[in-house]
Amino acid sequence: MNNSIFIFPGQGSQKVGMGKDFYDHSSIAKEMIEKASQRVSFDFTTLLFEENDRLDQTEFAQPAILLVSLIAHRLFVEQCKVVPKVVLGHSLGEFSALSAAGAMDYLDAVELVHQRGLLMKKACEGINAGMMALLGLDDASVENLTCKERELGKKVWAANYNGDGQIVIAGNRDDLISLEPLFKEAGAKKSVLLPMSVASHCPLLSSAQSKLEVYLDQWLKESFTTPIISNVTASEYQSKAEAKILLSQQLISPVKYKQSILHVESSTDAFIEFGGSVLKGLNKRITQKPTHSITDMKSLEEVLALL
């Protein structure tokens with residue numbers, strides 16, 4: 001466990017009540033939530049702890065997930081000396097990883113991903129964007145099918161490589177739906193249209209790239225304490241110059257999560273997930289190395305006890 005890699009979940013891991021146990025039992029968590037609320041001018045206690053329709057909206061889900069992840073990480077590192085060789089995250093989680101690696105202050109990260117969500121939302125206005133999960137098809141089959149359909153005018157791309165036989169595609173919602181019979185004919189066991197109003201990690205977000213780079217330039221520090229695995233390349237980077245290019249490219253490129261875990265698994269004894277447990281589920285399909293998720297005070301103590 002002292003040779004662990006830290007991982008951070010992305011959008012889709014949000015749920016009402018996340019972070020509540022931290023808030024109720026930790027003055028550090030309470031202070032972080034209060035300061036974050038002041039920074040972005042909306043109340044995280046309402047967003048996180050009360051039933052609402054904003055938690056599933058991209059511009060609110062992203063800072064909420066990141067904040068809870070960084071609270072879990074802060075509480076963990078306050079009590080132990082584990083220093084990971086690398087850190088990584090799934091999509092949005094790469095920004096949590098950046099903050100954990102000393103690349104930016106957590107409040108800057110909260111505002112950055114709020115703005116990122118707004119940019120993604122604006123880029124997808126009027127284009128009927130959507131995302132779909134496919135189960136049971138290998139990477140090459142999905143890539144070949146989507147490539148052929150783009151040649152026929154469809155707007156569909158592979159967006160998330162989550163594990164063997166589990167890929168998310170993104171693009172025009174009508175095009176995604178129209179291709180369901182084709183995917184099933186090719187051997188897909190299941191296709192699920194996701195409750196998303198944006199098409200992440202595909203060229204439909206290209207208009208957001210230059211604007212995101214402005215925020216990255218403003219808030220990223222020049223160097224980081226820990227290397228980060230890029231979603232775009234599944235390899236390490238550790239500087240502001242690299243981060244600006246890779247995080248801009250991440251908007252329009254597929255998330256190589258499976259490839260990232262395979263790249264680092266030989267150098268670790270275990271993975272520690274901060275703020276959620278979605279990646280623990282994905283990792284079971286990718287690696288035999290254990291994943292320990294920290295989502296509340298009890299799970300925090302359980303992970304600390306393993307050290």
Side-chain angles (χ1 to χ4, degrees), residues 1-13 65 69 73 82-98 100-101 103 131 133-147 157-170 187-190 200-202 224 226-238 242-243 245-247 249-294 303 306:
M1 282 293 290
N2 287 316
N3 185 28
S4 299
I5 288 176
F6 295 176
I7 60 176
F8 299 86
Q11 192 169 345
S13 63
I65 295 163
S69 290
H73 174 262
V82 175
V83 178
K85 291 184 178 179
V86 296
V87 295
L88 65 94
H90 187 291
S91 185
L92 159 74
E94 189 170 344
F95 291 83
S96 304
L98 280 161
M131 302 186 76
L134 295 176
L135 301 178
L137 288 179
D138 61 81
D139 297 352
S141 295
V142 174
E143 290 161 0
N144 290 335
L145 284 168
T146 53
C147 181
W157 294 267
N160 296 342
Y161 294 97
N162 289 336
D164 289 341
Q166 185 174 339
I167 301 177
V168 175
I169 57 175
K189 297 177 181 178
K190 193 174 184 180
S200 300
H201 308 295
C202 76
F224 319 149
T226 309
I228 298 165
I229 302 295
S230 165
N231 282 183
V232 175
T233 64
S235 59
E236 295 86 351
Y237 66 96
Q238 200 171 351
E242 294 170 293
I245 295 170
L246 291 169
L247 293 169
Q249 193 67 24
Q250 191 219 58
L251 283 172
I252 63 168
S253 304
V255 171
K256 295 180 179 177
Y257 181 74
K258 175 182 71 173
Q259 295 89 334
S260 296
I261 294 298
L262 292 174
H263 177 71
V264 301
E265 69 169 345
S266 63
S267 63
T268 187
D269 299 323
F271 297 91
I272 302 177
E273 178 180 7
F274 294 93
S277 57
V278 170
L279 300 185
K280 181 177 182 178
L282 294 184
N283 282 5
K284 288 179 180 179
R285 304 171 66 93
I286 304 170
T287 177
Q288 293 185 346
K289 298 292 177 68
T291 300
H292 306 283
S293 298
I294 298 175
V303 173
L306 295 173

Q: So, using side chain to side chain donor-acceptor pair (under 3.5 Å) as the criterion, who are the partners of Asp138 when residues are at least two apart?
A: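 Partners of Asp138 under the side chain to side chain donor-acceptor pair (under 3.5 Å) test: Ser141.
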
Q: Are Val303 and Phe274 close enough that some pair of their side-chain heavy atoms sits under 4.5 Å apart?
A: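 With C-beta onward as the side chain, the pair stays apart.
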
Q: Give the minimum heavy-atom separation between Glu94 and Ile228, together with the two atoms involved.
A: CG-CG2, 4.3 Å

Q: About how many Å separate CG of Asn231 and CG of Leu251, when rounded to the nearest 0.5 Å?
A: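 These two atoms lie 11.0 Å from each other.
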
Q: Return the CG to OG distance between Leu246 and Ser235, rounded to the nearest 0.5 Å.
A: 7.5 Å

Q: If you round to the nearest 0.5 Å, how far is CD1 of Ile261 from OG1 of Thr291?
A: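 Atom-to-atom, Thr291:OG1 and Ile261:CD1 are 7.0 Å apart.
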
Q: Run the side chain to side chain contact (heavy atoms under 4.5 Å, CB included) test on Phe6 and Ile272 for me, step by step, so that the C-alpha distance in whole Å, both residues' side-chain angles and the decisive distance to 0.1 Å come before the verdict.
A: CA-CA 5 Å; Phe6 295 176; Ile272 302 177; 4.0 Å; yes

Q: How long is the gap from OG1 on Thr226 to CD on Glu236, to the nearest 0.5 Å?
A: 12.0 Å

Q: Which pair of heavy atoms, one from Ser91 and one from His201, lies closest together, and at what distance?
A: OG-NE2, 2.6 Å

Q: Verify side chain to side chain contact (heavy atoms under 4.5 Å, CB included) between Gln166 and Asn160, making sure each step is shown before the conclusion.
A: CA-CA 9 Å; Gln166 185 174 339; Asn160 296 342; over 6 Å; no

Q: How far apart are the C-alpha atoms of Ile167 and Tyr161, what are their side-chain angles, what is the distance that settles it, and do they pass the side chain to side chain contact (heavy atoms under 4.5 Å, CB included) test?
A: CA-CA 5 Å; Ile167 301 177; Tyr161 294 97; 4.2 Å; yes

Q: Ignoring hydrogens and geometry, is there a side-chain-to-backbone donor-acceptor pair from Ser260 to Ala234 under 3.5 Å?
A: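 Between the backbone of Ala234 and the side chain of Ser260 there is no qualifying donor-acceptor contact (under 3.5 Å).
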
Q: For residues Glu265 and Lys289, report the shortest heavy-atom separation together with the two atoms involved.
A: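 Looking at all heavy atoms of both residues, the shortest contact is O-NZ, 2.6 Å.
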
Q: Heavy atoms only: give me the nearest Val142-Ala158 pair and the separation to one decimal.
A: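 Looks like CG1-CB, 4.5 Å.
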
Q: Provide the closest heavy-atom pair for Thr268 versus Ile5 in the form atom of the first, atom of the second, distance.
A: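 So the two residues come closest at OG1-N, 3.4 Å.
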
Q: Just do the side chain to side chain contact (heavy atoms under 4.5 Å, CB included) check on Leu279 and Phe271 with the steps written out, would you?
A: CA-CA 10 Å; Leu279 300 185; Phe271 297 91; over 6 Å; no

Q: Using ring-ring contact (aromatic ring centres under 6.0 Å, His included) as the criterion, list what pairs up with Phe224, not counting sequence neighbours.
A: none

Q: For a quick test of your reading: what N or O donor-acceptor pairs under 3.5 Å do the side chains of residues 252-259 make, sequence neighbours left out?
A:
{"residue": "Ser253", "atom": "OG", "partner": "Gln249", "partner atom": "O", "Å": "2.8"}
{"residue": "Ser253", "atom": "OG", "partner": "Gln249", "partner atom": "NE2", "Å": "3.4"}
{"residue": "Lys256", "atom": "NZ", "partner": "Val232", "partner atom": "O", "Å": "3.4"}
{"residue": "Tyr257", "atom": "OH", "partner": "Asn283", "partner atom": "OD1", "Å": "2.6"}
{"residue": "Lys258", "atom": "NZ", "partner": "Asp139", "partner atom": "OD2", "Å": "2.7"}
{"residue": "Lys258", "atom": "NZ", "partner": "Asp164", "partner atom": "OD1", "Å": "3.1"}

Q: Not counting sequence neighbours, which residues clear side chain to side chain donor-acceptor pair (under 3.5 Å) with His73? List them please.
A: none

Q: Supply the atom-to-atom distance Ile294 CD1 to Ser277 OG, rounded to the nearest 0.5 angstrom.
A: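 The OG atom of Ser277 is 12.0 Å from CD1 of Ile294, to the nearest 0.5 Å.
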
Q: Using the test side chain to side chain donor-acceptor pair (under 3.5 Å), find all partners of Ser293 that sit at least two apart in sequence or belong to another chain.
A: Glu273

Q: Could you give the distance from CD1 (Ile65) to NE2 (His90), rounded to the nearest 0.5 Å?
A: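 Answer rounded to 0.5 Å: 11.5 Å.
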
Q: List for me each residue that meets side chain to side chain donor-acceptor pair (under 3.5 Å) alongside Ser13, sequence neighbours excluded, and say none if there are none.
A: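 Per chain and number, Ser13 pairs via side chain to side chain donor-acceptor pair (under 3.5 Å) with no residue.
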
Q: Determine the minimum heavy-atom distance between Ala159 and Met131, stating which atoms define it.
A: CB-CE, 4.0 Å

